[in-house]
Engineer: 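First the structure, then my questions, so here it is.
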Amino acid sequence: MDAFDEVHREWVALSAKRLRLLAEVDGARAWAAVGATSCEAWLSDRHRLPAWEARRDVEAARALQEMPAAREALASGELPSSALRTLVEARKIAPEAFSGAEGTLVEAATELSQKAFRNRVELWRHRVEDPAGAAKRRHEARRVHYGRTLDGMVRLDGMLDTEAGQVLITAVRAVVDSEGSRGEVRTHAQRRADALEHLCRSYLGSRDRPRVGGERPVVTVTVDASVLSRGSGPGGLPDAGPVPAEIVRRMACDASVVRMVMSGDSEPLDVGRKTRVVPAGLRRAVEVRDRHCRFPGCDRPPAWSDVHHVVHWADGGPTSLANLLLLCWAHHRAVHQEGFGLSLADGGRPVFTTPDGRVLGEDRAPRHVMGANRGPP
C-alpha cells in the first residue's frame, strides 16, 4: 500500500507535467503543423483517446495556465485529478471570483474527501454565481449523446438543466413507483432503464405524436425473409445495430411489414405495399377479449403490451383472433428470447411453460378490474 501511494503521487505529478506540455502544444498551435484541425483532434488521433477525453484534457491544460495554486499542488502530487476537474468546472462558473478563492479551494481539495470537497465547492458556487446567468449557462450547456457500444448496447450520456432534469426524474420515478416493489428482482438502475423505455414506447404509440417526413416516427428493423421463417441470423436496426433473430420475430408479431426485393448487390428492385400484420380493428378485439397481459400473474394493461402470434405468422400462423394473445413487453420478450413456451390447449386456452418445461399456473380469465401489478417491464 505504501508503494502504491508513492507511485500514485508520482503519477499525479507526471499528469501535471503532461498537462503543462499539452498547454505548450496548444498555445504554439504545433498541432496545425501536422494538419490537425485543433489540439483536441491532434490529441485524440495521435494518442488514440476518445474525443471527449481529449476535449477534457485540453480544457484542463488551458485552465491550469490561469490557476497557479492548482498547478503547484498538482505538480507536487498533492492535488487529486478528480479534484482538478472539479476546480476547472468551478472556474468556468465565475472566473473572477475563482481567482480570489483559488488558494482556499485548492487547500480544501488536498484535505477533504472528494464528496466533502464537492460540497464545499457547491457552497462557494451558491455565494458567487448570478442566478439568472447560471440558469442561462446551464440551459446552453444541455446535451444528450447516444451511441452503440462494442457489446451491442446503446449508451446514453448527457446533461440537462435543472428544470429539464427534474421533469425527467419525475417522469421516470412515476413509472417506477407505479409498479411497486413487491417481489421485484431488478436493480434500481434496471427499473429506471425500463421506465425510460416505457416512456419512449408510450410516446411513439400515442396518436398525437408529430409526423416526420409525412409519417409518424416508427422503429424500423431490416431483416432477410429467411430470418423470420427459419429463426436464425440477425436483423438490423438503423441506429442501434444488429439484433438476434428472436428479437426480430418478437418485433414482427405486431408490426407493419414492407416487402423489398433486392438484387445481388443489395440494390432495391421492388418494394411491396405496406401491410398491417395485426390490423387496428383486430388489435382492439384482442384488447377487449384479454383486457391485460395473459401471462400468469401479470395484469399489465394493453397500453403496455404487444399482440403476440402464438404460432408465428412467419411460420404460417394466421393473423386471427384465435391465434393472437396480449403480452406485456417483458413477457413478450420472455416468450421469444428467454425460453418460455406458449401453446394453445383445447378451447384456445393458452398454456405457458418455463424454460425447463414446467407448466405455469393456469391463465386467468379476462377480467375488468386491474390489480396492483400494473407496471412497465
Side-chain angles (χ1 to χ4, degrees), residues 1-20 22-23 50 52-143 145 155-170 172-173 176 187-189 191-192:
M1 291 171 63
D2 291 340
F4 180 87
D5 291 344
E6 179 61 28
V7 171
H8 185 78
R9 282 191 293 269
E10 294 174 356
W11 173 66
V12 172
L14 195 59
S15 297
K17 183 177 181 180
R18 174 178 177 271
L19 291 176
R20 178 177 58 79
L22 181 59
W52 65 266
E53 188 173 344
R55 286 194 299 269
R56 185 192 65 186
D57 287 349
V58 172
E59 182 181 63
R62 290 170 179 166
L64 274 176
Q65 304 311 299
E66 308 298 330
M67 299 165 60
R71 189 167 62 246
E72 181 179 350
L74 191 66
S76 65
E78 298 176 359
L79 183 67
S81 57
S82 58
L84 172 62
R85 290 193 291 272
T86 301
L87 289 169
V88 171
E89 291 295 319
R91 182 178 179 275
K92 291 189 332 186
I93 294 171
E96 293 184 4
F98 180 85
S99 296
E102 182 189 355
T104 301
L105 292 176
V106 169
E107 183 178 357
T110 61
E111 296 176 351
L112 301 176
S113 67
Q114 175 63 7
K115 182 177 181 180
F117 173 60
R118 287 189 64 87
N119 289 339
R120 178 71 61 85
V121 174
E122 281 283 322
L123 292 174
W124 171 82
R125 176 179 66 81
H126 283 298
R127 289 198 304 267
V128 303
E129 73 176 351
D130 169 51
K136 180 180 179 182
R137 174 178 53 79
R138 295 189 191 105
H139 185 67
E140 292 176 348
R142 70 194 186 281
R143 64 183 185 275
H145 302 289
R155 179 181 179 84
L156 296 178
D157 175 61
M159 298 287 287
L160 301 177
D161 63 23
T162 308
E163 180 182 358
Q166 187 60 59
V167 169
L168 175 68
I169 292 170
T170 301
V172 169
R173 183 178 292 157
V176 171
T187 66
H188 291 298
R191 295 179 70 187
R192 289 192 293 268

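These numbers come from the heavy atoms of this one structure, side chains and all, not from hydrogens, waters or symmetry mates.
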Engineer: Quick check for you: to the nearest 0.5 Å, what is the distance between T187 atom OG1 and R192 atom CZ?
Structural biologist: 7.5 Å

Engineer: Thinking salt bridges, do E6 and R9 make one under a 4.0 Å N-O criterion?
Structural biologist: yes

Engineer: Atom CZ of residue position R173 - does it have more than 12 heavy atoms of other residues, nucleotides or ligands inside 6.0 Å?
Structural biologist: no

Engineer: Under 6.0 Å from the CD atom of Q65, do we count more than 12 heavy atoms belonging to anything else shown?
Structural biologist: yes

Engineer: Kindly give the heavy-atom pair with the smallest separation between F117 and L105, and that separation in Å.
Structural biologist: CE1-O, 3.3 Å

Engineer: Within a strict 4.5 Å, meaning less than it, do heavy atoms of the F98 and M67 side chains meet?
Structural biologist: yes

Engineer: Test of understanding: with side-chain contact (heavy atoms from CB on, under 4.5 Å), list the residues that count as partners of A97, not counting sequence neighbours.
Structural biologist: A94, W124, V128

Engineer: Going by an N to O cut-off under 4.0 Å, is there a salt bridge joining E89 and K92?
Structural biologist: yes

Engineer: How close do V106 and A69 get, counting heavy atoms only, and between which atoms?
Structural biologist: CG1-O, 3.9 Å

Engineer: Which atoms form the tightest heavy-atom contact between L64 and L84, and what is the distance?
Structural biologist: CD2-CD1, 3.8 Å

Engineer: Side chains of V176 and H188: closer than 4.5 Å at any heavy-atom pair?
Structural biologist: no

Engineer: Return the set of residues passing side-chain contact (heavy atoms from CB on, under 4.5 Å) with R138 (not counting sequence neighbours), or none when no residue passes.
Structural biologist: R125, E129, A134, D161, T162

Engineer: Please report the closest heavy-atom contact between L160 and L168, naming both atoms and the distance.
Structural biologist: CD1-CD2, 3.8 Å

Engineer: Which heavy atom of A13 sits nearest a heavy atom of A75, and at what distance?
Structural biologist: CB-O, 3.3 Å

Engineer: Does H145 have more than 12 heavy atoms from other residues, nucleotides or ligands lying within 6.0 Å of its NE2?
Structural biologist: yes

Engineer: Using 0.5 Å steps for rounding, measure from the CZ atom of R120 to the OG1 atom of T104.
Structural biologist: 9.0 Å

Engineer: Who are the side-chain contact (heavy atoms from CB on, under 4.5 Å) partners of E111, not counting sequence neighbours?
Structural biologist: E107

Engineer: Could you tell me which non-hydrogen atom of A90 sits nearest to which non-hydrogen atom of V121, and how far apart they are?
Structural biologist: CB-CG1, 3.9 Å

Engineer: Find the distance between CD (E66) and CD (E102) and round it off to the nearest 0.5 Å.
Structural biologist: 10.0 Å

Engineer: Over 60° means perpendicular and under 30° means parallel, so classify the ring planes of H8 and F4, tilted if in between.
Structural biologist: parallel

Engineer: Taking R91 for the side chain and V88 for the main chain, is one N or O donor matched with an acceptor at less than 3.5 Å?
Structural biologist: no

Engineer: Considering only heavy atoms from C-beta outward, does the side chain of L87 approach that of L79 to under 4.5 Å?
Structural biologist: yes

Engineer: Assess the residue pair L19 and L74 against the criterion (side-chain contact (heavy atoms from CB on, under 4.5 Å)); give the C-alpha distance rounded to whole Å, side-chain angles, the decisive distance to 0.1 Å, and a yes or no.
Structural biologist: CA-CA 10 Å; L19 291 176; L74 191 66; 4.1 Å; yes

Engineer: So how far is it from I93 CD1 to R137 CZ, rounded to the nearest 0.5 Å?
Structural biologist: 5.0 Å

Engineer: With the side chain counted from C-beta on, respond yes when R18 and D57 share a heavy-atom pair under 4.5 Å apart, and no when they do not.
Structural biologist: yes

